Protein chains: 2
Amino acid sequence: MSGNLQLYSYWRSSAAFRVRIALNLKGLAYETLPVHLLRDGGEQHSADYRQINPQQLVPVLRHGDRLLRQSLAILEYLEETWPQPPLLPADSRGRARVRGIANAIACDVHPLNNLRVLQYLERECEMGQDERDAWVRHWISEGFQAIEAMLGDHPSTGRFSEGDVPTMADCCIVPQVYNARRFGVDISAFPAIEQIERACLALPAFDAARPEKQPDSPSV
Amino acid sequence: MSGNLQLYSYWRSSAAFRVRIALNLKGLAYETLPVHLLRDGGEQHSADYRQINPQQLVPVLRHGDRLLRQSLAILEYLEETWPQPPLLPADSRGRARVRGIANAIACDVHPLNNLRVLQYLERECEMGQDERDAWVRHWISEGFQAIEAMLGDHPSTGRFSEGDVPTMADCCIVPQVYNARRFGVDISAFPAIEQIERACLALPAFDAARPEKQPDSPSV
């Protein structure tokens with residue numbers, strides 16, 4: 001029984017996408033509470049939402065009276081609270097590898113390219129659209145080169161990043177590939193990543209978490 | 001017994017600093033393998049080190065024949081492998097809070113300000129020193145405002161971020177405060193963070209992990 005789960009989310013947020021995948025993989029029903037990151041200067045900056053998350057970012061997961069922040073911390077919480085099916089391997093080596101890949105994306109790729117950073121580059125640094133897009137592509141490409149090296153040449157890579165069941169690493173890879181495509185990165189340069197993304201999106205849990213299938217997506 | 005632990009580190013790396021603190025708190029002896037991030041264009045970019053870490057970042061922890069990457073993944077590995085003393089609380093609420101604070105720093109503050117980003121801003125965006133320093137101060141200040149709100153007004157904050165024993169959150173806060181001071185952020189604006197830093201640095205485990213006490217520090 002999942003109790004009462006509500007996800008403060010934005011359809012195109014890569015970090016919220018990770019949590020949606022994990023909730024779906026765990027088979028947990030949840031209610032989406034949309035936070036529109038662009039409307040009215042950004043609903044994440046409202047006084048009400050700052051009470052929910054002083055970082056003014058999505059996602060936040062509400063579980064009963066608990067507010068859980070930061071996508072990777074939420075994935076760990078889901079794993080501890082609802083262990084089945086596991087999103088981490090049983091062995092410590094594998095767990096460290098999965099967390100290493102997840103963090104390589106969640107720390108060193110995604111935060112450089114999220115909305116608040118692009119807004120700062122535009123407003124404070126007067127950086128034009130082309131230069132901002134090049135910035136995004138640079139950090140994604142650099143990160144993906146490293147991750148491709150970790151995945152492509154490793155005996156424990158299987159259908160997914162670690163073996164043949166999806167893990168937290170895959171919860172991070174798929175949203176990052178979505179972002180990469182959005183900004184025109186050529187994913188075919190990263191065949192291991194591309195193959196894992198394909199295997200993931202064949203699963204209903206990943207498919208249902210896609211941005212364009214969210215209730216707050218303009219295409220719904 | 002710790003087996004054979006070796007840390008690829010740079011004295012002033014904030015992420016390596018986190019791992020040094022955790023190793024010390026766990027009472028684990030380790031050998032420092034310095035990677036000079038500035039010498040010869042950056043030793044982290046050498047062919048040899050790219051075999052150690054395709055991300056070309058420190059830290060990496062070598063444990064026997066295992067290579068462990070990403071500071072937060074390494075902290076989790078240490079916690080699982082040597083559970084005592086714990087760096088996470090026993091309850092799931094507290095664990096999520098600690099990981100949320102750790103990730104707020106490790107994902108949303110630090111990566112925006114590390115060396116490779118500042119080098120890109122200088123070389124590709126022709127951003128001057130003053131503007132780069134303002135960039136760093138902006139992201140630290142924004143992050144610290146949020147974390148101060150999480151810490152200052154929360155019943156489970158104690159001498160440390162969560163209660164009266166140091167956790168992964170503190171392993172991240174102390175190095176980030178070091179960085180903040182280095183770039184001229186006024187820490188007195190964040191009294192809860194400042195008080196936690198003071199309590200941490202009074203512990204030998206934190207003190208011995210300071211940049212200026214590392215074997216590769218110019219001051220040693």
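Treat the numbers as computed from the prediction; the structure is a model and nothing was measured.
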Report task. Report the C-alpha distance between A/Glu76 and B/Leu88 in whole Å, list the side-chain angles of each, state the deciding distance to 0.1 Å, and finish with yes or no for side-chain contact (heavy atoms from CB on, under 4.5 Å). Result -> CA-CA 12 Å; A/Glu76 296 279 353; B/Leu88 287 171; over 6 Å; no
Report task. Go through the steps for B/Leu75 and A/Arg99 under the test side-chain contact (heavy atoms from CB on, under 4.5 Å), then give the verdict. Result -> CA-CA 10 Å; B/Leu75 299 195; A/Arg99 288 186 174 120; over 6 Å; no
Requested in this report: Begin from the C-alpha positions of B/Arg93 and A/Glu80 and carry the test salt bridge (Lys or Arg N to Asp or Glu O under 4.0 Å) through to its verdict.
Outcome: CA-CA 10 Å; B/Arg93 184 210 57 79; A/Glu80 290 180 356; over 6 Å; no
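Rounding to the nearest 0.5 angstrom, the gap separating the CG atom in A/Asp108 from the CD atom in B/Gln70 is 5.0 Å. In this structure, CD1 in A/Ile74 is found 9.5 Å from CG in B/Asn103, a value given to the nearest 0.5 Å. A/Arg97 CZ to B/Tyr77 OH: the interatomic distance, rounded to the nearest 0.5 Å, is 14.5 Å. To the nearest 0.5 angstrom, A/Glu124 atom CD is 7.0 Å from B/His138 atom NE2.
For CZ of A/Arg66, the number of neighbouring non-hydrogen atoms (other residues, nucleotides, ligands) closer than 6.0 Å is greater than 12. Around CD of A/Gln195, the count of heavy atoms belonging to other residues, nucleotides or ligands within 6.0 Å does not exceed 12. Annotation: B/Asp153, atom CG; neighbour count of heavy atoms from other residues, nucleotides and ligands within 6.0 Å does not exceed 12.
Contact annotation for A/Gln55: both backbone and side-chain heavy atoms come within less than 4.5 Å of a heavy atom of chain B. Proximity to chain A is absent for every atom of B/His110, based on heavy atoms less than 4.5 angstrom apart. Of the two parts of B/Val98, neither the backbone nor the side chain holds a non-hydrogen atom closer than 4.5 Å to a non-hydrogen atom of chain A. Using a 4.5 Å cut-off between heavy atoms, B/Trp135 touches chain A through backbone and side chain atoms alike. Only the side chain of B/Leu57 comes within less than 4.5 Å of a heavy atom in chain A; its backbone stays farther off. If you measure heavy-atom distances from A/Ile147 to chain B, you find no contacts under 4.5 Å at all. Heavy-atom distances place the side chain of B/Leu68, and not its backbone, under 4.5 Å from chain A. With a threshold of 4.5 angstrom between heavy atoms, B/Asn53 approaches chain A through side-chain atoms but not through N, CA, C or O. Residue B/Arg69 touches chain A through both its backbone and its side chain, counting heavy-atom pairs closer than 4.5 Å.
Highest contact tally toward chain B, considering only A/Ala102, A/Gly100, A/Ser71, is held by A/Gly100 [criterion: heavy-atom pairs under 4.5 Å]. Contact tally against chain A (heavy-atom pairs below 4.5 Å) for B/Ala96, B/Pro111, B/Ala106, B/Cys125: the top residue is B/Pro111. Among B/Cys107, B/Ala146, B/Ala73, the residue with the largest count of heavy-atom pairs under 4.5 Å with chain A is B/Cys107. In terms of heavy-atom pairs under 4.5 Å with chain A, the best-connected choice from B/Thr81, B/Leu121, B/Val117 is B/Val117. The greatest number of non-hydrogen atom pairs below 4.5 Å with chain A, out of B/Gly143, B/Ala149, B/Ala104, is found for B/Ala104.
Side-chain contact check for A/Glu148 versus B/Pro54: every heavy-atom pair is 4.5 Å or farther apart. In this structure, B/Glu142 and A/Tyr120 have side chains that are not in contact, with every pair of non-hydrogen atoms separated by 4.5 Å or more.
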